[in-house]
Amino acid sequence: MWKKVFDWLDERLGLNDMYKNVLDRPEPKGNWWNTLGSASLFLFVLQGLTGIFLTVYYTPSPDHAYDSIQYIMNGVAFGWLIRGIHHWGASLMVIVVFVHMLRVFVTASYKYPRELTWFIGVGLLLTTVGMGFTGYLLPWNQRAYWATTVGTQIAGSVPFVGEFILKALRGGSDLSALTLQRFFSGHIWMLPAALAALIGVHLFLIIKHGESHFPTKED
Ligand code: HEM
């Protein structure tokens with residue numbers, strides 16, 4: 001019965017072809033350093049899932065943001081765990097993505113034909129840092145408020161376009177409800193969408209070119 005269902009779907013979707021192209025590939029000749037890309041992917045999914053749970057209770061307004069986080073920590077069953085994973089997962093993801101990039105650099109895997117994989121990777125690193133930056137403001141406590149004040153000021157010191165960037169980030173000259181709304185929207189919609197799209201292209205290129213490896217005697 002299951003085989004019939006599978007065959008029916010396979011004829012229409014090409015499941016077997018998908019499996020062959022995406023998963024049934026030769027095992028990469030790597031070591032533990034080659035697992036960091038997959039670790040980054042795992043952390044992206046983990047952050048997405050825990051983040052979705054957090055939005056059930058989090059309220060992005062200056063009057064309620066801080067209290068909603070306190071409620072998640074003390075009132076919601078396992079809220080502290082979900083927030084803890086999301087909080088530490090964010091730092092871990094930045095570190096893991098960065099070390100993954102260092103590995104790619106040290107093994108010179110950015111060279112032909114993987115230049116585009118590297119460029120997309122640079123976008124991935126910047127977007128991951130952007131996720132951390134926008135997420136930091138959301139608890140709306142003193143540390144978040146002043147860190148974002150300083151962070152946006154630094155962005156504002158870019159020559160010529162600094163003033164525009166500062167106002168675009170803050171939604172005005174000062175930090176306000178608009179800033180919180182913008183950072184929330186960036187954190188849960190814009191940046192994750194960009195990250196998902198970039199990861200999609202990154203993975204497509206990795207499947208297309210296969211994993212690089214140091215040449216052996218046979219090579
Ligand atoms: C969210 C961030 C990222 C995810 C999810 C991700 C995912 C992956 C995965 C699953 C692999 C294959 C396994 C491996 O080699 O570890 C890989 C390889 C690669 N990644 Fe990333 N990556 C990310 C960030 C980056 C960054 C920041 C760079 C560089 C700027 C980069 C450049 C590359 C390159 C050039 C390869 C091919 C390596 C090879 O063939 O040896 N990636 N990535």
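Indexing begins at 1, ligand by ligand and atom by atom, following the structure's order.
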Check your understanding: More than 12 heavy atoms of other residues, nucleotides or ligands under 6.0 Å from CZ of R12: is that the case?
Key -> yes

Review point. Is the number of heavy atoms from other residues, nucleotides or ligands within 6.0 Å of CZ (F98) greater than 12?
Key: no

Check your understanding: More than 12 foreign heavy atoms under 6.0 Å from CZ of F6: is that the case here?
Key -> yes

**Study point:** Qualifying residue, where the test is side-chain contact (heavy atoms from CB on, under 4.5 Å) with T128 and the options are V96, L195, L191, L43
**Key:** L195

Exercise for review: Kindly say whether L36 contributes a backbone atom to a donor-acceptor pair with the side chain of S40 at under 3.5 angstrom?
Suggested key: yes

Practice item. May I ask whether H213 has any heavy atom positioned less than 4.0 angstrom from an atom of ligand 1? Key: no

Review point. Which atoms of ligand 1 have any heavy atom of E211 under 4.0 Å away?
Key: 12 (C), 13 (C), 14 (C), 15 (O), 40 (O)

Review point. Are any of the N or O atoms of S38 closer than 3.5 Å to those of ligand 1?
Key: no

Point to revise | Which residues share a salt bridge (charged side-chain N to carboxylate O under 4.0 Å, His left out) with D7, sequence neighbours left out | key: K3

Review point. Which atoms of ligand 1 have any heavy atom of R103 under 4.0 Å away?
Key: 14 (C), 15 (O), 16 (O), 38 (C), 39 (C), 41 (O)

Point to revise | Any W118 heavy atom less than 4.0 Å from ligand 1 | key: yes

Exercise for review: Sort by chain and number the protein N/O/S atoms that are closer than 2.8 Å to atom 21 (Fe) of ligand 1, and list them.
Suggested key: H100 NE2, H202 NE2

Practice item. With sequence neighbours excluded, tell me which residues meet side-chain hydrogen bond (donor to acceptor under 3.5 Å, both in side chains) with Q70. Key: none

Exercise for review: Mark up the atoms of ligand 1 that fall under 4.0 Å of a heavy atom belonging to L125, in ascending order.
Suggested key: 27 (C)

Side-chain polar contacts of residues 22-31 - donor-acceptor pairs under 3.5 angstrom, sequence neighbours left out - could you list them?
from : atom 1 : to  : atom 2 : distance (Å)
R25  : NE     : V22 : O      : 2.9
R25  : NH2    : V22 : O      : 3.3
N31  : OD1    : W33 : N      : 2.9

Check your understanding: Does the N or O separation between Y110 and ligand 1 drop below 3.5 Å for any pair?
Key -> no

